[in-house]
Amino acid sequence: MSVDIDTVKRVAHLARIAVSDEEAERMQDELNAILGFVEQLNEVDVAGVEPMTAVVETAMKKRADVVTEGDKAEDIVANAPISEDHFFLVPKVVE
Amino acid sequence: MSDLTKFTIAEAREKLKGGEFTASELTEAYLTAIDAANASFNAYVEVTHDHAREMAKASDEKLVKGEAGALEGIPLGIKDLYATRGVHTQACSHVLDRFLPHYESTVTANLWADGAVMLGKLNMDEFAMGSSNETSYYGPVLNPWKSRGSNAELVPGGSSGGSAASVAAHLCAGATATDTGGSIRQPAAFTGTVGIKPTYGRCSRWGIVAFASSLDQAGPIARDVRDAAIMLKSMASVDDRDTTSVDVPVPDYEAAIGKSVKGMKIGIPKEYRVDGMPEEIDALWKKGAEWFRDAGAELVDISLPHTKYALPAYYIVAPAEASSNLARYDGVRYGLRQEGSDIIDMYEKTRAAGFGAEVKRRVMIGTYVLSAGYYDAYYLRAQKVRTLIKRDFEQAFAAGVDAILTPATPSAAFGIADQAMAADPVKMYLNDVFTVTVNMAGLPGIAVPAGLDGQGLPLGLQLIGRPFDEETLFQTAHVIEQAAGRFEPDRWW
């Protein structure tokens, strides 16, 4: 499978990365080189093979359903580029 | 006073306890070395002078009181991927500009609890994506090693290039690193240092910036096998804050060093003889096998038939997980923000400006292979292949093999801005051809220096062990170290 320029732009939008036409062209070649490389997986007979979900088979750990920490609003917004009154500020999303 | 930076962790530990010098003197010696040489290497992206001096002073008080921890007063470098409270933590990415965590990673917290001293944060490939440390927002790291008679600048490998270079150049006593496809073992091999990626689940991933969560593991890079064992003992723990941390007690790895390997079975996998591999790497591999035979181990030819599919499967699984993990860098919660006409435009501009070319490439691949209609063809198939890769190893171990010996890398260190690597991302990816199988199967692997090539550059061998059997890796790696000796670069800096 190989990707065309429109697919590159669609994927970039899904990935939320702005790309110029020039970048999209370069990426198309790079992505096709990588997709060409992974193509060899089609040689492998995977009939009846379970997909790996964890390398070490263990039961999922569960923690007690209790509050262990909290009241850290100041810490949480401390690294935000823009915040106000413990809220993250974003461009207007509703009219 | 003689140069205190020449001592290994094990040596410094004894001398600190014996009062031959203080932790403050040792730390000062490293800070002086860093201030003099870091401009040449670009190994540290942040040097924490004051912090280091305070920690060393506290260590001196503990040493006097006889309350020294296992790493009391030992100065370490920390890869920029580890969250360190109030200190530069950016995974060497522009997108995390000015990020200062309000928490400490479990692994670094373990090291500080044992008395270690932080010298600063080490350079790395951006988000640990790279094999040459050239994708760092902070620029490449220089390998302390140079080819004989040449002044050409070489890469230290990656992604833990700053860790490997600083250990090789004695700009720290040891360093933390991480390994998703070979990022501890390949730079260790390129710099004549020892690096171990422990079993998945051995070290907590809590507080380490995530790249590919099912593959990422923390581990040390050190000057010799004993130092790597000392560091891993402190780094490893069982942690409720990482659901994949495995509840197995941490053994005394140092105790395994020096034990005889007589009667052990060392597997030699035929699939690790790849096209285009330099003859001297093949010769070194054979020599390594002979060292084991001489030490009384039995060599067993084994087959790991799915080896060649590990790298292509990795380049589906790792980017897929990365595309999900890196979705959080959105210009809202931390780091860089580029304003846009609306929220989507803000996201897209922030990520376009904040991520470097390699990170964008992998996020794009990951997004593509997980997108509607392609999931089964790519991701699901890759995870099935991963099951087969793991099964290959399980069969070898079930047949009685104790450890598997392979080359660590398909070449020695290459030049900075290598034309062929820059032109073809897949060529760069092939650096990890021998190491990536281990991540895909979740096994422990150690790279240990075994010799120099014709140009005088270090080459490493890799040993792969059973899950949670790091002890056998330290035991067997020590056999290679004893036979090969240790390798240090000629000082030009």
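Residue numbers start from 1 in every chain, and the chains themselves are labelled A, B, ... in the order their sequence lines are given, proteins ahead of strands.
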Which portion of B:L215 sits near chain A, non-hydrogen atoms under 4.5 angstrom: neither
Contact leader toward chain A among B:P425, B:S341, B:A382, B:A313, where contacts are heavy-atom pairs under 4.5 Å: B:A313
Part of B:Y379 lying under 4.5 Å from any heavy atom of chain A: neither
Portion of B:S323 that has a non-hydrogen atom of chain A nearer than 4.5 angstrom: neither
B:R361 versus chain A, the contacting section by heavy-atom distance below 4.5 Å: both
Option that, when pairs with chain B are counted at under 4.5 Å, heavy atom only, ranks first among A:L41, A:V56, A:V49: A:L41
Full working for side chain to side chain donor-acceptor pair (under 3.5 Å) between B:S371 and A:R10: CA-CA 10 Å; B:S371 63; A:R10 185 176 58 84; 4.9 Å; no
Structural part of A:T53 lying under 4.5 Å from a heavy atom of chain B: neither
Between A:K62, A:Q40, A:K72, A:K92, the one whose heavy-atom pairs under 4.5 Å with chain B are most numerous: A:Q40
Choice from B:D424, B:V363, B:I365 maximising heavy atom contacts with chain A below 4.5 Å: B:I365
Considering all heavy atoms, the nearest B:M346-B:Q338 contact: CG-O, 3.3 Å
Among A:N42, A:I76, A:D45, residue most engaged with chain B (heavy-atom pairs, under 4.5 Å): A:N42
Heavy-atom pair with the smallest gap, counting every atom of B:M129 and B:T135: O-OG1, 3.0 Å
Structural part of B:M364 lying under 4.5 Å from a heavy atom of chain A: both
Top of B:Y334, B:Y309, B:Y347, B:F468 for chain A proximity - count of heavy-atom pairs under 4.5 angstrom: B:Y309
Chain B contacts, top residue of A:A33, A:A12, A:A54 (heavy-atom pairs, under 4.5 Å): A:A12
Under 4.5 Å from any heavy atom of chain B - which part of A:V46: both
Contact winner vs chain A - B:L96, B:I344, B:L380, heavy-atom pairs under 4.5 Å: B:I344
A:V77 side chain near A:F88 side chain, heavy-atom distance below 4.5 Å: yes
Electrostatic pair B:K360:A:E30 at N-O distance under 4.0 angstrom: no
Carboxylate-amine/guanidinium proximity below 4.0 Å for B:R362 and B:E358: yes
Most contacts with chain A, counted as non-hydrogen pairs under 4.5 angstrom, among B:L326, B:I343, B:D97: B:I343
Taking every non-hydrogen atom, the tightest pair across A:I17 and B:A352: CG2-CA, 4.1 Å
Sub-6.0 Å ring centroid separation between B:Y329 and B:F127: yes
Contact origin within B:V332 toward chain A - heavy atom pairs under 4.5 Å: both
N-O pairing of B:D239 and B:R205 below 4.0 Å: no
Distance-minimising heavy-atom pair for A:M27 and A:V8: CB-CG1, 4.1 Å
Per-residue contact mode, B:A441 against chain A (heavy atom under 4.5 angstrom): backbone
Heavy atoms from other residues, nucleotides or ligands near CG of A:D4 exceed 12 (cutoff 6.0 Å): yes
Flag if over 12 foreign heavy atoms under 6.0 Å of CD, A:E50: no
Residue part contacting chain A, namely of B:Y103, when any heavy atom lies under 4.5 Å: neither
